[in-house]
There are 2 protein chains.
Amino acid sequence: MTASGHSPKRSAEKLADLTERLRRQSRKVTGPRQALLDLLRQQSHPLAIREIFAALPAGISDLATIYRSMHLLEQMRMVKRFDFGDGAARFELVPEGEDGHHHHLVCTRCSVVLEIEECFPEHVERSLAQTSGFQGITHRLEFFGLCPECQTTKSI
Amino acid sequence: MTASGHSPKRSAEKLADLTERLRRQSRKVTGPRQALLDLLRQQSHPLAIREIFAALPAGISDLATIYRSMHLLEQMRMVKRFDFGDGAARFELVPEGEDGHHHHLVCTRCSVVLEIEECFPEHVERSLAQTSGFQGITHRLEFFGLCPECQTTKSI
DNA sequence: ATCGCTGCAAAAATTTTGCAGGTAA
DNA sequence: TTACCTGCAAAATTTTTGCAGCGAT
């Protein structure tokens, strides 16, 4: 498990390497995309579209552009989508060659995020596949709780 | 694991018992609520608001009323909210005295749902609590894959 | 010169809220 | 009678789409 938001990214890829991945797929390296990728690579936890939009200097990009970029990057497997159960998709950069599969422990009050490296249900998917006949089984798993900080803070 | 949509509800509560739970909390037993509860009790998998609205006879209820009812029922612990990662909340009736905690295996093509009774990550929550200091840890876990039926069906 | 990408605007989809009237208890 | 509840309308969120023009290669 790794603290997030403060700790360095597990495998910080250089911006140039990220844009190179774009070029390799005949996608264009534009201003908005560089700003977006540079923002993501400095984060070690998933960012919501809204957070990305707010973090980017005003006028650098547009909500529609960000949505379209995230769709593209997801399709290219450069980002992974996470869902914390509020109605907002979150995205995290995926190091080249990896699949980005991991889980999170999210504070239900302040939304701080810890990354969980271990993946527990993996061995279960095989038995599920056998008993159900489903193919290509994957899963989403997120943990929620009250972080130590919020335990000592008076309720709002 | 139990096939859903066709199999009988694990512990089908009578409608009268459900409305009694309402009365016990000084909530009123109205037409829309009876229709809603009667619909849910005949289902063994989570229903989206939209599905509920569509299944109810026209004029029986209103989208806003359904949303408000689901909020109330969730607060009363009579239903549990599930999230399959598309942008739509789903709700399932929770038998009295239970917490409704379980997981699903969802077909990514036809959306058929199997219920998974086992809960794997439960024993992990304790160790997570120790290493992270988080309190009251819970989790969401859903499985996805291609069901046997869809494996043999030509792609659209 | 292409083809892809962007910003703006409008639309869609899901969920929330205000309000005036209606109904269960 | 008195809360609580409903339907309708409007608004708030999140996400998608159309389109004309701009820009990376």
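So that the names make sense, note that chain A is the first sequence line, chain B the second, and so on, each numbered from 1. Hydrogens, waters and symmetry mates play no part in the numbers below; they use all other heavy atoms, side chains included.
When the P atom of D:dT6 is taken as reference, atom CE of B:M70 falls 13 Å away, rounded to whole Å. As a whole-Å value, the separation of B:Q75 CD from D:dC4 P is 12 Å. Atom-to-atom, CZ of B:R33 to C1' of D:dC4 comes out at 8 Å; the value is rounded to the nearest Å. Atoms CZ (B:R23) and P (D:dC4) sit 16 Å apart, rounded to a whole Å. For the pair A:D86 CG and D:dT14 P, the interatomic distance rounds to 8 Å; values are reported in whole Å. Look at CD on A:Q34: it is 15 Å from P on D:dG23, rounded to the nearest Å. Atoms CZ (A:R50) and P (D:dT14) sit 5 Å apart, rounded to a whole Å. Note: CG (A:D62) to P (D:dT16) measures 14 Å, nearest angstrom.
A cation-pi geometry, defined here as NZ or CZ lying under 6.0 Å from the six-membered ring centre and within 45° of its normal, does not hold between A:R140 and A:F82.
Side-chain atoms of A:S132 come within 3.5 Å of backbone N or O of A:L128 as a donor-acceptor pair.
If you find the closest nucleotide of DNA chain C to B:H71 and to A:G31, the one lying nearer the 5' end belongs to A:G31. Each of B:K28 and B:S61 has a nearest nucleotide on DNA chain D; the 5'-most of these lies closest to B:K28.
Note on A:Y67: a side-chain N or O is less than 4.0 Å away from OP1 or OP2 of D:dT15. When the side-chain nitrogen and oxygen atoms of B:R68 are compared with OP1 and OP2 of D:dT6, none of them lie within a distance under 4.0 Å. Between A:T30 and the phosphate of D:dG23, there is no side-chain N or O to OP1/OP2 separation shorter than 4.0 Å.
Residue B:A89 is classed as a sugar-phosphate contact, given heavy-atom separations below 4.0 Å to backbone atoms only. Counting non-hydrogen atoms under 4.0 angstrom, A:S26 reaches nothing in the nucleic acid. Within 4.0 Å (heavy atoms only), B:I60 reaches sugar-phosphate atoms of the nucleic acid but no base atom.
Recorded end-axis angle for the helix from C:dA1-D:dT25 to C:dA25-D:dT1 stands at 30°, based on five pairs per end and rounded to 10 degrees.
Within the 4.5 Å cutoff, no side-chain heavy atoms of A:P46 are placed close to those of A:F91. Side-chain contact between A:R27 and A:M76: present, with at least one pair of heavy atoms (C-beta onward) separated by less than 4.5 Å.
Hydrophobic clustering, with ILVMFWY side chains joined whenever heavy atoms are under 4.5 angstrom apart, keeps A:I137 apart from B:L146. No continuous path of hydrophobic side-chain contacts links A:V113 to A:V94 [ILVMFWY only; heavy atoms under 4.5 Å].
Between B:H139 and B:H103, the gap from one ring centroid to the other is short of 6.0 Å. Aromatic ring centres of A:F143 and A:H104: separated by at least 6.0 Å.
Of the candidates D:dT15, D:dC5, D:dT25, D:dT15 carries the atom nearest the A:I49 side chain, counting heavy atoms from C-beta on.
The existence of a salt bridge linking B:E96 and B:R24 is confirmed by a sub-4.0 Å separation between a basic side-chain nitrogen and an acidic carboxylate oxygen. Under 4.0 Å is where a charged nitrogen must lie from a carboxylate oxygen, and between B:E149 and B:R109 no such pair does.
Using a 4.0 Å cutoff to heavy atoms of chain B, the contacted part of DNA chain C runs 5' to 3' from C:dT14 to C:dA25.
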